[in-house]
Amino acid sequence: MGVPAFYRWLHDTFPRSVTDYREATDASFSDEEWPPNANGIEFDNLYLDFNQIVHNATHPSDRPAPPDLPSKLKAIFRILDRLVLAARPRKLLVIALDGVAPRAKMNQQRARRFLAAHERGQEAKAQAQLAQTWGLPAPTAPFDHNAITPGTQFMATIAQALRFHLARRAAMSPAFGKLSILLSDAATPGEGEHKIASIIREQRNQPGYDPDTTHLLYGLDADLVMIGL
């Protein structure tokens, strides 16, 4: 659900806890090994809270949205590849999509999404009436953000496409192929950030776990910061 203004509070209260991450372009999927990270720190494991990536790829705020499903999938894969090349994990890549949420949050999600769908329906009806009044072509239906919900065909398609893309990258890229890859899709209950926390806890409880293992968590919800801590 996120924590409103938490990142701003963290940035203002503890400014040294926030640093810029320099994204270098000296790595590619053709590398036998990832080159040293440009930020002076190497990461063993990379965890992606993937729903935020899907949201940003399907309806970005800084450019036109992809018009159809193939272009949406390409946009998602482009962001995934960019993050992997920026972080260059050495051992493990975890991609966690939101599954069915706990009942208390599910009630809140359903109310919010029904309201959003109703408002979009009303707006589309008004646009259609305006177009008819002025003799203009009917506007095309915008992408329904509610499709990014566990149990929809859209999320099932994303999971299937991700499996294909990851298998293709592992087969074609020597450095990527050395990673252990774990994909937890929308069919597995639990929110992405909680899945990530559970995977990290499970690793830490394994005999012989290296306490110096470095974990990199990526997501746009502020609660991921606290879960990571």
Side-chain angles (χ1 to χ4, degrees), residues 1-7 10 43-59 72-73 75-77 79-81 83-84 87 89 91-117 143-167 169-170 179-207 209-211 213-229:
M1 294 177 64
V3 184
F6 173 70
Y7 178 78
L10 184 69
F43 299 106
D44 295 314
N45 303 342
L46 171 63
Y47 308 84
L48 302 178
D49 186 8
F50 211 73
N51 267 52
Q52 299 297 329
I53 295 173
V54 176
H55 276 285
N56 279 0
T58 54
H59 48 283
K72 285 179 172 61
L73 294 176
I76 292 170
F77 297 155
I79 296 176
L80 170 61
D81 290 346
L83 289 172
V84 171
K91 296 179 180 179
L92 176 66
L93 170 64
V94 175
I95 297 174
L97 289 152
D98 285 352
V100 175
R103 180 59 185 269
K105 181 169 183 181
M106 192 188 304
N107 292 338
Q108 184 260 356
Q109 284 182 339
R110 284 170 60 84
R112 186 177 61 199
R113 287 170 181 169
F114 273 118
L115 178 61
F143 175 65
D144 186 0
H145 306 168
N146 284 343
I148 310 176
T149 302
T152 62
Q153 181 59 49
F154 181 70
M155 295 306 291
T157 301
I158 285 182
Q160 184 178 6
L162 273 173
R163 289 185 176 91
F164 176 82
H165 180 73
L166 293 169
R169 279 282 179 239
L179 293 174
S180 297
I181 302 172
L182 176 59
L183 170 62
S184 179
D185 62 20
T188 304
E191 295 178 276
E193 57 264 38
H194 295 288
K195 292 180 181 181
I196 288 172
S198 177
I199 292 168
I200 294 176
R201 291 190 196 102
E202 187 175 346
Q203 290 180 68
R204 290 168 62 88
N205 290 331
Q206 294 295 321
Y209 171 78
D210 183 2
T213 299
T214 50
H215 306 270
L216 174 60
L217 282 63
Y218 177 88
L220 299 181
D221 276 348
D223 53 353
L224 190 64
V225 177
M226 285 185 273
I227 290 173
L229 292 173

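Numbering starts at 1 and runs along the sequence shown.
Taking the side chain as every heavy atom from C-beta outward, Ile227 and Ile196 never approach each other to under 4.5 Å. In this structure, the side chains of Asp185 and Met155 stay at 4.5 Å or more apart for every pair of heavy atoms.
A side-chain hydrogen bond (donor to acceptor under 3.5 Å, both in side chains) with Gln203 holds for exactly one of Asn45, Asp210, Thr213; it is Asn45.
Side chain of Asn51 to main chain of Asp98: a donor-acceptor pair is present (N/O by atom type, distance under 3.5 Å, no hydrogens or angles). Between the Lys72 side chain and the Val54 main chain, no donor and acceptor come within less than 3.5 Å of each other. In this structure a side-chain-to-backbone donor-acceptor pair under 3.5 Å is missing from Asp221 to Asp223.
When all heavy atoms are compared, the tightest approach of Leu46 to Leu83 is CD2-O, 4.2 Å. Summarising the geometry of Asp44 relative to Pro89, their closest heavy-atom pair is O-CB, 3.8 Å, with the distance given to 0.1 Å. Closest heavy-atom contact between Gly192 and Ala96: O-CB, 3.6 Å. Between Val225 and Leu10, the shortest heavy-atom distance links the atoms CG1-CD2, 4.1 Å. Closest of all the heavy-atom pairs between His165 and Leu80 is CD2-CD2, 3.9 Å. Of all heavy-atom pairs spanning Thr149 and Thr152, the tightest one is O-OG1, 3.0 Å.
One finds the CD1 atom of Ile148 at 6.5 Å from the CD1 atom of Ile158 (value rounded to the nearest 0.5 Å). Separating the CG atom in Leu162 from the CZ atom in Arg169 is a distance of 12.5 Å, to the nearest 0.5 Å. Atom OG1 in Thr214 sits 8.0 Å away from atom NZ in Lys91 (nearest 0.5 Å). Rounding to the nearest 0.5 Å gives a distance of 9.0 Å between CD1 of Ile95 and CG of Leu182. How far CG of Leu224 is from CD of Glu191: 11.5 Å, rounded to the nearest 0.5 Å. One distance of note links CD1 of Ile79 with CD1 of Ile53; it measures 6.5 Å at 0.5 Å rounding.
Around atom CD of Glu202, no more than 12 heavy atoms belonging to other residues, nucleotides or ligands sit under 6.0 Å away. The number of heavy-atom neighbours closer than 6.0 Å to CZ of Phe114, taken from other residues, nucleotides and ligands shown, is 12 or below. Heavy-atom contacts from other residues, nucleotides or ligands closer than 6.0 Å to CZ of Phe164 number 12 or fewer.
A donor and an acceptor atom, one from each side chain of Gln153 and Thr157, are located under 3.5 Å apart.
With sequence neighbours excluded, the residues satisfying ring pair (Phe, Tyr, Trp, His ring centres under 6.0 Å) with His215 are Tyr47. Every residue was checked against the side chain to side chain donor-acceptor pair (under 3.5 Å) condition with Thr58, not counting sequence neighbours, and none meets it.
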Would Leu48 and Leu93 count as a side chain to side chain contact (heavy atoms under 4.5 Å, CB included) here? Give the steps.
CA-CA 8 Å; Leu48 302 178; Leu93 170 64; 4.2 Å; yes
